[in-house]
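Okay, structure first, notes after.
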Amino acid sequence: MSLNPAQHAAVVHRGSPLLVLAGAGTGKTRVITHRVAALLDEGVEPWRVLAVTFTNKAAAEMRTRIDRLCEGRHATNEIWVGTFHSICARILRRFGQPLGLSPRFTIYDTADGASVMSRILEELDVSDKLYTPRGVLGWIDRAKNRGLGPEELDRLGIVEPVRSVVRKAYTRYQQRLLTADAVDFGDLLLHAVALLRDATGPVRGQLGDTDPVRKLLWRFQHVVVDEFQDTNPIQGELVDLLAAHGELCVVGDDDQAIYGWRGADVSQILEFGESHEGTEIVRLEQNYRSTGHILQCADAIIRKNSGRLGKTLWTDEGDGDRVRVVVLETERDEARLVAREIRNALDEDASPEDFAVFYRTHAQSRVLEDELRGLGIGCRIVGGVAFYERAEVKDLLSYLVAIHNPASDTHLARIVNRPARGIGTTTVQKLSAHAAERGIPLWEALQRPQEAGVGTAAIKRLRGFVELVERLRARESEVPLDALLEEIVEATGYREALLADGDDESMTRLENVQELVGNVGEFVLENPGAGIADYLERMSLAGGERAEGDRDRAITLMTVHSAKGLEFDSVYLTGMEERVFPHARVVDDPIQMEEERRLAYVAITRARRNLTLTLATRRRIYGQLQVGIPSRFVHDLPPDAVEGLRRAPPRPAPAPVVRERSWNDDVVYDATPDVALAPDELEGEAGEGITLWVGMAVKHKDFGIGELLGWQGVGKNLKFHLRFGGVTKTILARFCEPM
DNA sequence: ACATGTTCCCTTTTT
DNA sequence: GGGAACATGT
């Protein structure tokens, strides 16, 4: 298939910055890969091309597709393709020494950072109720996303006394990480930018410059950035630095910006033209993915946002089936419906990989997984409670870190008594305090425990531990990584301890340990000669993406966020209720609501042929039964593109009786035979009641007439969120009357 | 030092 | 409802 005119224009444009506004399903990756291939065909050397993506999956796919396009004509492996974080890691390992980092520095994940921070907060002696490690790290992360140091926190709008605490914590945290030869995610970007920024002094570098970092500034003749709408300011600066002497092409879709909460700044794509002189803008609007009806729904959702660059997707493939909306009683009914339909389709020879089930938050996945597995449908759950967050996995990975990087106190402290070897918290605390006092790494304090005032019994055990770690450390260079891990499992007594315990939980842990060993084995197979550092980097940056082998016979369950960039024949978008999607936490903030709307847009545009939106009128949230009403996004869908949904006729004002299962809303589900559930599959019973909807008028005897914003609870505890003029109140429904 | 009990907060979204 | 962090008892 040849490129359409817009795609072609984006591929061949040269000589000035290029902004490609690529709507969902318009062949964005195609444009990027063709552009890179064209550059190589024109004689640009592969090592002078950089392609940056947001996720590892996208990077892998891009590389594969570039390889395929170039078919051995070019040394495509010399192209730099990677995520922001992996590219920064690469730069810092090579050139980070002036910043105090060794080439073998460790990348700390959020949990590692939190463990460092919790000690710092203890030292600072601040209230652990007011200042939690993750809370303070949140501020630090926001600062880092914008390239701000400890002294510039006021630019975040952070006020006293929090600012002082965060400033002190931030300063100490950076020192602590540096002495541990470690960086966190934010540092990867921050340090790389600092390095490159320093190299752009008054003495401008040039080709042939001997300074390695200045050479780097000249290296890339072409830089291509994917998903540019999700970049944060520091990433924007990084891109500008790397493309300082080359040509920059950014690709993205302002309508798919969904990471504002993480510091991404849509204005970078909105204002790219202004900030980059001579920018050429190309719009991709022809959609090759979805049916017309799906696109009509997507457009109806997104057009309500303000501040868009504005695109309208179109297809010449026809309208296709209508988008379905199915209203169910409870989240279990919802899950059963999804499971039943997919089961039927699979029985008629559909492929599992064509199905995806989306939800707003991970918490919603459990019931769905339950019901799907109940019908024998294999599920692949993306993200969620990660394998790599299990205690046993973290323990073993901590052994790897501690062996590889003796300076990493936090990992050493984690494993010193794991499995239990009689080195208790008192002992570890004494050693830590001693190490901090003398300004030495914990590892050194461990070797001279008598100086820290540790008792004789503990001293003996510590000696055993130190010898154990040293023995394993010696093995690092002698055996392959997977063999080393096996030795760790044995030599530390980890396996023995789990076996001795013998209960179900320990057996599960043992299985996880086996799985980790297997995973490392696979990694070594794919990357012969890889060491601890390579594996750990993959773990931390790839979020531990697991082997895709089990993918074939399984359907995919994931949050809408993780669905970005993917497409499926049939998509189920579940939990389409107010306060679920859109999430309760954003309904009062118009800015966040726009992001939520973009999220809905992303979800809808994932579907190729079939899209089903489901919602439950009652749902358990935190174990509390909540009454739900159809999401505003459901209301926004164009009636002609949708089935299973009709407006209820206006009703006379009903009596103000409010009981459980006491409302219907103005959206009614038309049961069609293949979709309907048998009565015995439904939880609870039907009942008659009144109609409630957001925006309806409700009267209260003291406050007068208010506008209904939402509600919570059931039965006697049903409460209304009401706006009376400028004030909002939450009032028990039984004190109110509908108008 | 470890096992069991209790409370709390949680739920956005993740490189 | 449920997991993790804390507290208490042996």
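In what follows, chains are A, B, ... by sequence order, proteins preceding strands, each numbered from 1.
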>> Regarding A:Gln592, tell me which of base, sugar-phosphate or nothing describes its non-hydrogen contacts under 4.0 Å with the strands shown.
In response: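 The residue A:Gln592 makes base contact.
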> Base, sugar-phosphate, or nothing: which does A:Phe54 touch, judged by heavy atoms less than 4.0 Å apart?
Replying inline: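 Contact class for A:Phe54: sugar-phosphate only.
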>> Could you check, using the six-membered ring where one of them is a Trp, whether A:His191 and A:Phe95 have ring centers closer than 6.0 angstrom?
In response: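 Distance test on ring centres: not under 6.0 Å, no.
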Look at the side chain of [X] and decide which nucleotide, out of [options], has an atom nearest to it.
X        : options                : value
A:Arg366 : C:dG3, B:dT15, B:dT13  : C:dG3
A:His583 : B:dT15, B:dT11, B:dT14 : B:dT11
A:Ala420 : B:dT15, B:dC2, B:dT14  : B:dC2
A:Ala363 : B:dT11, B:dT15, B:dT13 : B:dT11
A:His85  : B:dT11, B:dT14, B:dT15 : B:dT15
A:Arg262 : B:dT13, B:dC2, B:dT15  : B:dT15

> Is there a side-chain contact between A:Val586 and A:Glu595, using heavy atoms and a 4.5 Å cut-off?
Replying inline: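 No, side chains not in contact.
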>> Has A:Glu577 got a side-chain atom pairing as donor or acceptor with A:Ala616's backbone, closer than 3.5 angstrom?
In response: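 It does hold such a pair.
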>> Please check this pair: side chain of A:Gln268 against backbone of A:Thr231, looking for a donor-acceptor N/O pair closer than 3.5 Å.
In response: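 Checked: pair present.
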> Should A:Ser86 be listed as having a side-chain N or O under 4.0 Å from OP1 or OP2 of B:dT15?
Replying inline: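 A:Ser86 to B:dT15 OP1/OP2: no side-chain N or O under 4.0 Å.
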> Closer than 4.0 Å, any side-chain N/O of A:Ser562 to the OP1 or OP2 of B:dT14?
Replying inline: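 Yes, within the criterion.
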>> For the base of B:dT13 and the side-chain ring of A:Trp261, does the geometry meet a stacking cutoff of under 5.5 Å between centres and under 30° between planes?
In response: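 It does: the two rings, one from A:Trp261 and one from B:dT13, meet the stacking criterion.
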> Taking the nucleotide of DNA chain B with the closest heavy atom to each, which residue, A:Glu596 or A:Thr427, is nearer the 5' end?
Replying inline: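 That would be A:Thr427.
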> Starting at the 5' end of DNA chain B, which residue's closest nucleotide do you reach first, A:Gln235 or A:Arg421?
Replying inline: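 Result of the comparison: A:Arg421.
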> To the nearest Å, how far apart are A:Tyr108 OH and B:dT14 P?
Replying inline: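 About 25 Å, once rounded to whole Å.
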> Just by distance, with hydrogens left out, do A:Ser115 and A:Tyr108 show a side-chain donor and acceptor under 3.5 Å apart?
Replying inline: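 Checked: A:Ser115/A:Tyr108 side chains show no N/O donor-acceptor pair below 3.5 Å.
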